[in-house]
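Here's the structure we're looking at; comments come further down.
Note that the numbering runs from 1 along the sequence shown for the chain. For ligands, and for the atoms within them, numbers begin at 1 and follow the listed sequence.
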Amino acid sequence: MFKVFGRAVLLWILFAGLTPPAGAQTAPQEIKVATRVLPPMVVQQGDTLTGFSIDLWNAISEKLNLKTSYQTAPDVRSLLDQVRTGNAEVGIAAISITAAREAEFDFSQPMLNAGLQIMVRGKAKDGDANPLWDLLSLLFSPTILVWLGIAFLLVLVPAHLVWLLERHHPSGIIPTPNYIPGIFYALFWASSTLATQGEQMPRHWLARVIAILWMFTGVVFVAFYTAQLAATLTVQQIQGGINGPDDLQGKHVATTRGSTAAAALRELRAQVEEVSRIDDAYTALIDKQVDAVVFDSPVLLYYAANTGKGQVHLIGTPFRKEDYGIVFQPNNPLRKRVNNALLALREDGTYQKIHDKWFAVK
Ligand code: GLU
(Lines give C-alpha, C1' and ligand atoms only; values in the text may rest on other atoms or scores of the structure.)
Protein backbone atom coordinates (compact mmCIF):
# COMPACT_ATOMS: atom_id res chain seq x y z
CA MET A 1 0.00 0.00 0.00
CA PHE A 2 2.77 2.39 1.03
CA LYS A 3 4.69 1.41 -2.10
CA VAL A 4 1.78 2.37 -4.33
CA PHE A 5 1.39 5.68 -2.55
CA GLY A 6 5.13 6.33 -2.77
CA ARG A 7 5.06 5.68 -6.52
CA ALA A 8 2.16 8.05 -6.95
CA VAL A 9 4.06 10.78 -5.13
CA LEU A 10 7.12 10.10 -7.25
CA LEU A 11 5.07 10.32 -10.43
CA TRP A 12 3.44 13.50 -9.24
CA ILE A 13 6.82 15.07 -8.51
CA LEU A 14 8.13 14.04 -11.93
CA PHE A 15 5.03 15.32 -13.68
CA ALA A 16 5.08 18.62 -11.82
CA GLY A 17 8.72 19.01 -12.70
CA LEU A 18 8.10 18.48 -16.42
CA THR A 19 5.15 20.76 -16.88
CA PRO A 20 5.96 24.38 -17.69
CA PRO A 21 5.56 26.86 -14.85
CA ALA A 22 1.92 27.64 -14.22
CA GLY A 23 0.60 30.46 -16.40
CA ALA A 24 3.65 30.62 -18.72
CA GLN A 25 1.52 30.25 -21.79
CA THR A 26 -1.24 32.57 -20.72
CA ALA A 27 -0.36 35.63 -18.65
CA PRO A 28 2.97 37.09 -19.86
CA GLN A 29 5.75 37.37 -17.33
CA GLU A 30 6.61 40.98 -16.49
CA ILE A 31 10.21 41.99 -16.94
CA LYS A 32 12.17 45.17 -16.34
CA VAL A 33 14.67 46.02 -19.07
CA ALA A 34 17.32 48.73 -18.74
CA THR A 35 18.25 50.59 -21.89
CA ARG A 36 19.50 53.96 -23.06
CA VAL A 37 18.68 56.24 -25.97
CA LEU A 38 21.30 55.88 -28.68
CA PRO A 39 20.00 56.12 -32.24
CA PRO A 40 19.62 53.92 -34.22
CA MET A 41 20.00 51.23 -31.53
CA VAL A 42 17.47 52.91 -29.28
CA VAL A 43 15.40 55.79 -30.60
CA GLN A 44 13.02 57.89 -28.56
CA GLN A 45 9.82 58.78 -30.40
CA GLY A 46 7.62 60.79 -28.09
CA ASP A 47 6.87 58.47 -25.19
CA THR A 48 7.77 55.27 -26.95
CA LEU A 49 11.07 53.65 -27.67
CA THR A 50 12.03 52.09 -30.95
CA GLY A 51 15.30 51.32 -32.73
CA PHE A 52 17.21 48.18 -33.65
CA SER A 53 17.77 46.95 -30.07
CA ILE A 54 14.20 47.70 -29.03
CA ASP A 55 12.67 45.98 -32.07
CA LEU A 56 14.93 43.01 -31.47
CA TRP A 57 14.08 42.78 -27.79
CA ASN A 58 10.36 43.14 -28.53
CA ALA A 59 10.63 40.22 -30.97
CA ILE A 60 12.54 38.16 -28.36
CA SER A 61 10.07 38.96 -25.62
CA GLU A 62 7.16 38.06 -27.87
CA LYS A 63 8.72 34.65 -28.47
CA LEU A 64 9.31 34.19 -24.75
CA ASN A 65 5.94 35.59 -23.74
CA LEU A 66 7.43 38.41 -21.67
CA LYS A 67 5.88 41.76 -20.98
CA THR A 68 8.62 44.40 -20.96
CA SER A 69 8.76 47.65 -19.09
CA TYR A 70 11.73 49.73 -20.22
CA GLN A 71 13.71 52.01 -17.96
CA THR A 72 16.26 54.32 -19.53
CA ALA A 73 19.70 55.12 -18.13
CA PRO A 74 21.75 58.25 -18.87
CA ASP A 75 24.91 56.32 -19.78
CA VAL A 76 26.17 52.78 -20.23
CA ARG A 77 27.69 52.73 -16.74
CA SER A 78 24.39 53.40 -15.00
CA LEU A 79 22.67 50.99 -17.38
CA LEU A 80 25.02 48.26 -16.17
CA ASP A 81 24.46 49.43 -12.57
CA GLN A 82 20.74 48.79 -12.99
CA VAL A 83 21.43 45.19 -13.97
CA ARG A 84 24.09 44.78 -11.29
CA THR A 85 21.75 45.90 -8.51
CA GLY A 86 18.83 43.88 -9.85
CA ASN A 87 16.87 47.03 -10.55
CA ALA A 88 16.46 45.62 -14.05
CA GLU A 89 16.73 41.98 -15.06
CA VAL A 90 18.08 42.62 -18.55
CA GLY A 91 20.13 45.37 -20.20
CA ILE A 92 20.00 46.04 -23.92
CA ALA A 93 21.14 49.06 -25.95
CA ALA A 94 24.58 49.22 -27.58
CA ILE A 95 26.43 47.33 -24.87
CA SER A 96 29.80 46.05 -26.02
CA ILE A 97 30.89 42.66 -24.78
CA THR A 98 34.23 43.22 -23.05
CA ALA A 99 36.45 41.02 -20.88
CA ALA A 100 35.91 43.25 -17.84
CA ARG A 101 32.13 43.22 -18.22
CA GLU A 102 32.07 39.47 -18.94
CA ALA A 103 33.83 38.90 -15.62
CA GLU A 104 30.97 40.56 -13.80
CA PHE A 105 27.92 39.83 -15.96
CA ASP A 106 26.63 37.23 -18.36
CA PHE A 107 26.11 38.21 -21.99
CA SER A 108 23.82 36.79 -24.63
CA GLN A 109 25.17 35.70 -27.99
CA PRO A 110 26.40 38.71 -29.95
CA MET A 111 23.39 40.56 -31.32
CA LEU A 112 25.30 42.88 -33.70
CA ASN A 113 28.88 43.32 -34.88
CA ALA A 114 30.21 46.76 -34.14
CA GLY A 115 33.54 48.45 -33.48
CA LEU A 116 35.11 51.79 -32.78
CA GLN A 117 35.45 54.27 -35.60
CA ILE A 118 36.53 57.88 -36.05
CA MET A 119 34.26 60.62 -37.36
CA VAL A 120 35.45 64.09 -38.37
CA ARG A 121 33.95 67.26 -39.81
CA GLY A 122 33.50 67.92 -43.52
CA LYS A 123 32.75 65.86 -46.57
CA ALA A 124 34.84 62.83 -47.42
CA LYS A 125 37.91 63.85 -49.44
CA ASP A 126 37.66 61.54 -52.42
CA GLY A 127 35.05 62.19 -55.03
CA ASP A 128 34.56 65.87 -54.55
CA ALA A 129 38.08 67.26 -54.30
CA ASN A 130 38.40 70.67 -55.98
CA PRO A 131 41.93 71.42 -57.26
CA LEU A 132 41.24 75.16 -57.62
CA TRP A 133 40.10 75.34 -54.03
CA ASP A 134 43.16 73.34 -52.93
CA LEU A 135 45.42 75.79 -54.77
CA LEU A 136 43.73 78.85 -53.28
CA SER A 137 43.81 77.46 -49.78
CA LEU A 138 47.49 76.69 -50.27
CA LEU A 139 48.29 80.21 -51.53
CA PHE A 140 46.41 81.79 -48.66
CA SER A 141 47.45 79.39 -45.94
CA PRO A 142 48.76 81.18 -42.83
CA THR A 143 52.39 80.09 -43.30
CA ILE A 144 52.47 81.35 -46.86
CA LEU A 145 50.85 84.66 -45.88
CA VAL A 146 53.49 85.14 -43.21
CA TRP A 147 56.18 84.56 -45.86
CA LEU A 148 54.65 87.10 -48.20
CA GLY A 149 54.41 89.60 -45.34
CA ILE A 150 58.09 89.17 -44.56
CA ALA A 151 58.91 89.56 -48.25
CA PHE A 152 56.99 92.83 -48.43
CA LEU A 153 58.82 94.27 -45.43
CA LEU A 154 62.11 93.13 -46.88
CA VAL A 155 61.38 94.81 -50.22
CA LEU A 156 61.02 98.19 -48.48
CA VAL A 157 64.74 98.35 -47.67
CA PRO A 158 66.36 98.07 -51.17
CA ALA A 159 63.44 100.00 -52.68
CA HIS A 160 64.22 103.02 -50.50
CA LEU A 161 67.96 102.78 -51.02
CA VAL A 162 67.61 102.51 -54.79
CA TRP A 163 65.05 105.34 -54.87
CA LEU A 164 67.44 107.54 -52.88
CA LEU A 165 70.42 106.80 -55.16
CA GLU A 166 68.70 106.67 -58.50
CA ARG A 167 66.20 109.52 -58.41
CA HIS A 168 68.69 112.19 -59.54
CA HIS A 169 70.53 109.98 -62.02
CA PRO A 170 69.69 111.18 -65.60
CA SER A 171 69.28 107.67 -67.07
CA GLY A 172 68.39 105.96 -63.77
CA ILE A 173 65.43 103.62 -63.27
CA ILE A 174 63.49 106.18 -61.20
CA PRO A 175 62.14 108.76 -63.65
CA THR A 176 61.08 111.32 -61.00
CA PRO A 177 62.84 112.81 -57.98
CA ASN A 178 59.57 112.90 -55.97
CA TYR A 179 58.88 110.28 -53.32
CA ILE A 180 55.49 109.61 -54.88
CA PRO A 181 55.36 108.15 -57.50
CA GLY A 182 59.15 107.54 -57.44
CA ILE A 183 58.98 104.99 -54.62
CA PHE A 184 56.45 102.90 -56.59
CA TYR A 185 58.99 102.46 -59.40
CA ALA A 186 61.54 101.42 -56.79
CA LEU A 187 59.08 99.03 -55.09
CA PHE A 188 58.20 97.45 -58.43
CA TRP A 189 61.88 97.01 -59.27
CA ALA A 190 62.67 95.51 -55.84
CA SER A 191 59.70 93.09 -55.88
CA SER A 192 60.27 91.86 -59.44
CA THR A 193 63.99 91.42 -58.75
CA LEU A 194 63.22 89.43 -55.60
CA ALA A 195 60.86 87.03 -57.35
CA THR A 196 62.11 86.77 -60.95
CA GLN A 197 65.32 88.78 -61.32
CA GLY A 198 63.84 91.81 -63.07
CA GLU A 199 65.33 93.07 -66.33
CA GLN A 200 66.19 96.65 -65.26
CA MET A 201 69.51 97.56 -63.65
CA PRO A 202 70.16 100.78 -61.69
CA ARG A 203 72.82 103.19 -63.04
CA HIS A 204 74.38 104.54 -59.86
CA TRP A 205 77.34 102.36 -58.82
CA LEU A 206 76.19 101.96 -55.22
CA ALA A 207 72.68 101.18 -56.38
CA ARG A 208 74.20 98.47 -58.58
CA VAL A 209 76.00 96.94 -55.62
CA ILE A 210 72.72 96.94 -53.72
CA ALA A 211 71.02 95.39 -56.76
CA ILE A 212 73.53 92.53 -56.90
CA LEU A 213 73.13 91.85 -53.17
CA TRP A 214 69.37 92.02 -53.59
CA MET A 215 69.48 89.51 -56.44
CA PHE A 216 71.29 87.01 -54.21
CA THR A 217 68.72 87.64 -51.50
CA GLY A 218 66.11 86.89 -54.17
CA VAL A 219 67.68 83.50 -54.98
CA VAL A 220 67.67 82.55 -51.31
CA PHE A 221 64.15 83.86 -50.85
CA VAL A 222 62.73 81.91 -53.81
CA ALA A 223 64.43 78.74 -52.56
CA PHE A 224 62.95 79.14 -49.08
CA TYR A 225 59.56 80.10 -50.42
CA THR A 226 59.44 77.04 -52.69
CA ALA A 227 60.48 74.80 -49.81
CA GLN A 228 57.84 76.33 -47.57
CA LEU A 229 55.16 75.89 -50.24
CA ALA A 230 56.08 72.25 -50.73
CA ALA A 231 56.12 71.62 -46.99
CA THR A 232 52.70 73.22 -46.52
CA LEU A 233 51.32 71.15 -49.37
CA THR A 234 52.68 67.94 -47.91
CA VAL A 235 51.35 68.73 -44.46
CA GLN A 236 47.91 69.48 -45.89
CA GLN A 237 47.81 66.35 -47.99
CA ILE A 238 49.32 63.79 -45.70
CA GLN A 239 48.77 64.95 -42.20
CA GLY A 240 46.19 67.68 -42.70
CA GLY A 241 43.77 65.97 -40.38
CA ILE A 242 43.05 62.74 -38.61
CA ASN A 243 43.67 59.69 -40.75
CA GLY A 244 43.70 56.97 -38.12
CA PRO A 245 43.72 56.25 -34.39
CA ASP A 246 47.40 57.20 -34.06
CA ASP A 247 46.59 60.77 -35.09
CA LEU A 248 44.26 61.18 -32.09
CA GLN A 249 47.02 61.73 -29.56
CA GLY A 250 46.57 65.15 -27.95
CA LYS A 251 43.45 65.87 -30.01
CA HIS A 252 40.12 66.84 -28.49
CA VAL A 253 37.79 63.92 -29.05
CA ALA A 254 34.20 63.54 -27.88
CA THR A 255 32.52 60.27 -26.92
CA THR A 256 30.01 58.99 -24.37
CA ARG A 257 30.66 58.64 -20.67
CA GLY A 258 31.90 55.25 -19.47
CA SER A 259 32.01 53.80 -22.97
CA THR A 260 34.57 51.46 -24.43
CA ALA A 261 35.44 54.33 -26.80
CA ALA A 262 36.34 56.57 -23.84
CA ALA A 263 38.69 53.88 -22.50
CA ALA A 264 40.28 53.37 -25.93
CA LEU A 265 40.79 57.13 -26.32
CA ARG A 266 42.56 57.37 -23.01
CA GLU A 267 44.90 54.60 -24.16
CA LEU A 268 45.53 56.61 -27.34
CA ARG A 269 46.26 59.65 -25.14
CA ALA A 270 43.59 61.84 -26.68
CA GLN A 271 41.93 64.62 -24.70
CA VAL A 272 38.58 62.98 -24.07
CA GLU A 273 35.35 64.97 -23.74
CA GLU A 274 32.78 62.59 -22.25
CA VAL A 275 29.14 63.43 -22.81
CA SER A 276 25.99 61.63 -21.77
CA ARG A 277 23.98 61.95 -24.98
CA ILE A 278 25.78 61.04 -28.19
CA ASP A 279 23.95 63.96 -29.83
CA ASP A 280 26.03 66.31 -27.68
CA ALA A 281 29.20 64.78 -29.13
CA TYR A 282 27.89 65.42 -32.66
CA THR A 283 27.09 69.05 -31.80
CA ALA A 284 30.54 69.54 -30.27
CA LEU A 285 32.10 68.25 -33.51
CA ILE A 286 30.02 70.45 -35.79
CA ASP A 287 30.59 73.49 -33.55
CA LYS A 288 34.37 72.84 -33.75
CA GLN A 289 34.70 72.30 -30.02
CA VAL A 290 36.34 68.93 -30.70
CA ASP A 291 38.44 67.56 -33.56
CA ALA A 292 36.71 64.19 -33.82
CA VAL A 293 34.10 61.86 -32.37
CA VAL A 294 35.13 58.28 -31.68
CA PHE A 295 32.31 55.86 -31.08
CA ASP A 296 30.56 52.67 -32.18
CA SER A 297 30.53 52.37 -35.97
CA PRO A 298 26.82 51.43 -36.41
CA VAL A 299 25.83 54.54 -34.45
CA LEU A 300 28.22 56.87 -36.29
CA LEU A 301 27.36 55.43 -39.72
CA TYR A 302 23.69 56.04 -39.07
CA TYR A 303 24.32 59.67 -38.10
CA ALA A 304 26.67 60.31 -41.03
CA ALA A 305 24.08 58.92 -43.46
CA ASN A 306 21.15 60.85 -42.00
CA THR A 307 21.23 63.98 -39.82
CA GLY A 308 24.95 64.55 -40.29
CA LYS A 309 24.96 63.98 -44.05
CA GLY A 310 27.38 66.35 -45.82
CA GLN A 311 28.67 67.71 -42.52
CA VAL A 312 30.71 64.79 -41.22
CA HIS A 313 32.45 61.69 -42.53
CA LEU A 314 33.98 58.53 -41.11
CA ILE A 315 37.65 57.65 -41.38
CA GLY A 316 38.60 54.20 -42.66
CA THR A 317 37.15 51.10 -41.09
CA PRO A 318 36.60 50.33 -37.38
CA PHE A 319 39.99 50.24 -35.67
CA ARG A 320 38.77 48.00 -32.87
CA LYS A 321 36.13 45.34 -33.35
CA GLU A 322 33.43 44.85 -30.73
CA ASP A 323 30.15 42.96 -30.52
CA TYR A 324 26.97 44.07 -28.85
CA GLY A 325 25.28 41.74 -26.40
CA ILE A 326 22.30 41.60 -24.07
CA VAL A 327 23.44 41.68 -20.45
CA PHE A 328 22.18 39.68 -17.42
CA GLN A 329 23.27 39.03 -13.88
CA PRO A 330 25.46 35.91 -13.76
CA ASN A 331 23.61 32.58 -13.97
CA ASN A 332 20.25 34.05 -14.87
CA PRO A 333 18.40 31.14 -16.58
CA LEU A 334 16.63 33.66 -18.80
CA ARG A 335 19.85 34.08 -20.78
CA LYS A 336 19.59 30.64 -22.36
CA ARG A 337 16.01 31.27 -23.41
CA VAL A 338 16.99 34.65 -24.88
CA ASN A 339 19.83 33.00 -26.81
CA ASN A 340 17.40 30.43 -28.18
CA ALA A 341 14.99 33.14 -29.24
CA LEU A 342 17.81 35.17 -30.81
CA LEU A 343 18.93 32.19 -32.90
CA ALA A 344 15.35 31.39 -33.89
CA LEU A 345 14.87 35.01 -35.03
CA ARG A 346 18.01 34.78 -37.14
CA GLU A 347 16.76 31.55 -38.68
CA ASP A 348 13.23 32.73 -39.48
CA GLY A 349 14.40 36.00 -41.10
CA THR A 350 13.00 38.35 -38.46
CA TYR A 351 16.48 39.43 -37.41
CA GLN A 352 17.36 40.36 -40.99
CA LYS A 353 14.14 42.32 -41.37
CA ILE A 354 14.87 44.36 -38.26
CA HIS A 355 18.48 44.83 -39.38
CA ASP A 356 17.39 46.11 -42.80
CA LYS A 357 14.84 48.43 -41.25
CA TRP A 358 17.55 50.31 -39.34
CA PHE A 359 20.74 49.76 -41.31
CA ALA A 360 19.81 49.34 -44.97
CA VAL A 361 21.54 51.94 -47.13
CA LYS A 362 18.82 54.16 -48.56
N1 GLU B 1 29.31 50.32 -27.03
C2 GLU B 1 29.48 51.28 -26.01
C3 GLU B 1 29.84 50.57 -24.74
O4 GLU B 1 29.30 49.58 -24.46
C5 GLU B 1 28.25 52.10 -25.86
C6 GLU B 1 28.37 53.17 -24.83
C7 GLU B 1 27.11 53.97 -24.66
O8 GLU B 1 26.03 53.41 -24.52
O9 GLU B 1 27.24 55.19 -24.68
O10 GLU B 1 30.69 50.99 -24.03
Side-chain angles (χ1 to χ4, degrees), residues 33-44 49-57 70-85 87-88 90-119 245 248 253-268 270 272-285 290 292-304 307-308 312 314 317-330 335 338 342 355 358-359:
V33 174
T35 189
R36 92 181 210 87
V37 176
L38 198 65
M41 304 302 293
V42 180
V43 180
Q44 179 121 39
L49 292 177
T50 175
F52 176 83
S53 303
I54 300 293
D55 284 359
L56 188 65
W57 179 258
Y70 290 106
Q71 44 201 48
T72 53
D75 54 42
V76 65
R77 217 181 273 153
S78 47
L79 195 167
L80 291 171
D81 275 347
Q82 291 196 12
V83 178
R84 184 184 293 115
T85 56
N87 207 347
V90 173
I92 184 169
I95 309 165
S96 305
I97 305 172
T98 66
R101 290 173 184 170
E102 184 67 66
E104 205 190 338
F105 297 96
D106 271 358
F107 277 99
S108 70
Q109 301 245 344
M111 60 179 230
L112 188 74
N113 304 124
L116 302 182
Q117 208 163 353
I118 306 168
M119 186 168 82
L248 294 173
V253 185
T255 193
T256 64
R257 191 164 300 128
S259 61
T260 48
L265 283 168
R266 274 190 288 273
E267 272 173 41
L268 291 165
V272 195
E273 308 278 340
E274 291 184 53
V275 295
S276 156
R277 292 161 4 105
I278 189 68
D279 279 356
D280 294 340
Y282 301 149
T283 315
L285 179 66
V290 293
V293 171
V294 168
F295 199 59
D296 306 14
S297 61
V299 175
L300 296 186
L301 279 168
Y302 180 80
Y303 175 74
T307 325
V312 294
L314 270 68
T317 50
F319 62 90
R320 190 170 299 185
K321 292 226 186 295
E322 292 181 345
D323 286 327
Y324 289 154
I326 304 169
V327 72
F328 304 84
Q329 273 189 357
R335 185 174 73 117
V338 166
L342 199 54
H355 188 277
W358 294 99
F359 296 110

Give the numbers and elements of all ligand 1 atoms closer than 4.0 Å to a heavy atom of [X].
{"X": "Thr256", "value": "6 (C), 7 (C), 9 (O)"}
{"X": "Phe295", "value": "5 (C), 6 (C), 7 (C), 9 (O)"}
{"X": "Ser259", "value": "6 (C), 10 (O)"}
{"X": "Tyr324", "value": "1 (N)"}
{"X": "Leu38", "value": "8 (O)"}
{"X": "Val76", "value": "4 (O), 6 (C), 7 (C), 8 (O)"}
{"X": "Arg101", "value": "3 (C), 4 (O), 10 (O)"}
{"X": "Ser96", "value": "1 (N), 2 (C), 3 (C), 4 (O)"}

Taking every non-hydrogen atom, the tightest pair across [X] and [Y]:
{"X": "Phe107", "Y": "Glu102", "value": "CD1-OE1, 3.6 Å"}
{"X": "Leu79", "Y": "Ala93", "value": "CD1-CB, 3.8 Å"}
{"X": "Pro330", "Y": "Glu104", "value": "CG-O, 3.4 Å"}
{"X": "Asp296", "Y": "Ser96", "value": "OD2-OG, 4.2 Å"}
{"X": "Ala114", "Y": "Asp323", "value": "N-OD1, 4.2 Å"}

Legend entry - Flag, side chain of Ser297 to backbone of Gln117, donor-acceptor distance under 3.5 Å: no
Legend entry - Any Asp75 heavy atom less than 4.0 Å from ligand 1: no
Inset, instruction - May I ask whether Ala94 places a heavy atom under 4.0 Å from ligand 1? - result: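 Yes, Ala94 has a heavy atom closer than 4.0 Å to ligand 1.
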Legend entry - Polar side chain donor-acceptor pair, Asp81 to Ser78, under 3.5 angstrom: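 No pair is found: no donor N or O on one side chain lies under 3.5 Å from an acceptor on the other.
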Inset, instruction - Measure Met41 to ligand 1 on non-hydrogen atoms and call it side chain, backbone, both or neither using the 4.0 Å cut-off. - result: neither
Inset, instruction - Answer side chain, backbone, both or neither: which part of Thr260 comes under 4.0 Å from ligand 1, heavy atoms only. - result: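 Both backbone and side chain.
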Inset, instruction - For residues Thr256 and Val76, determine if any side-chain heavy atom of one lies less than 4.5 Å from a side-chain heavy atom of the other. - result: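 A side-chain contact is absent here, since even the closest heavy-atom pair is not under 4.5 Å.
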Inset, instruction - Sort out for me which residue in Trp358, Tyr302, Phe359 forms a ring pair (Phe, Tyr, Trp, His ring centres under 6.0 Å) with Phe52. - result: Phe359
Inset, instruction - Determine, considering heavy atoms only, which of Arg257, Glu274, Arg36, Arg77 sits nearest to atom 7 (C) of ligand 1. - result: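 It is Arg36 that holds the nearest heavy atom.
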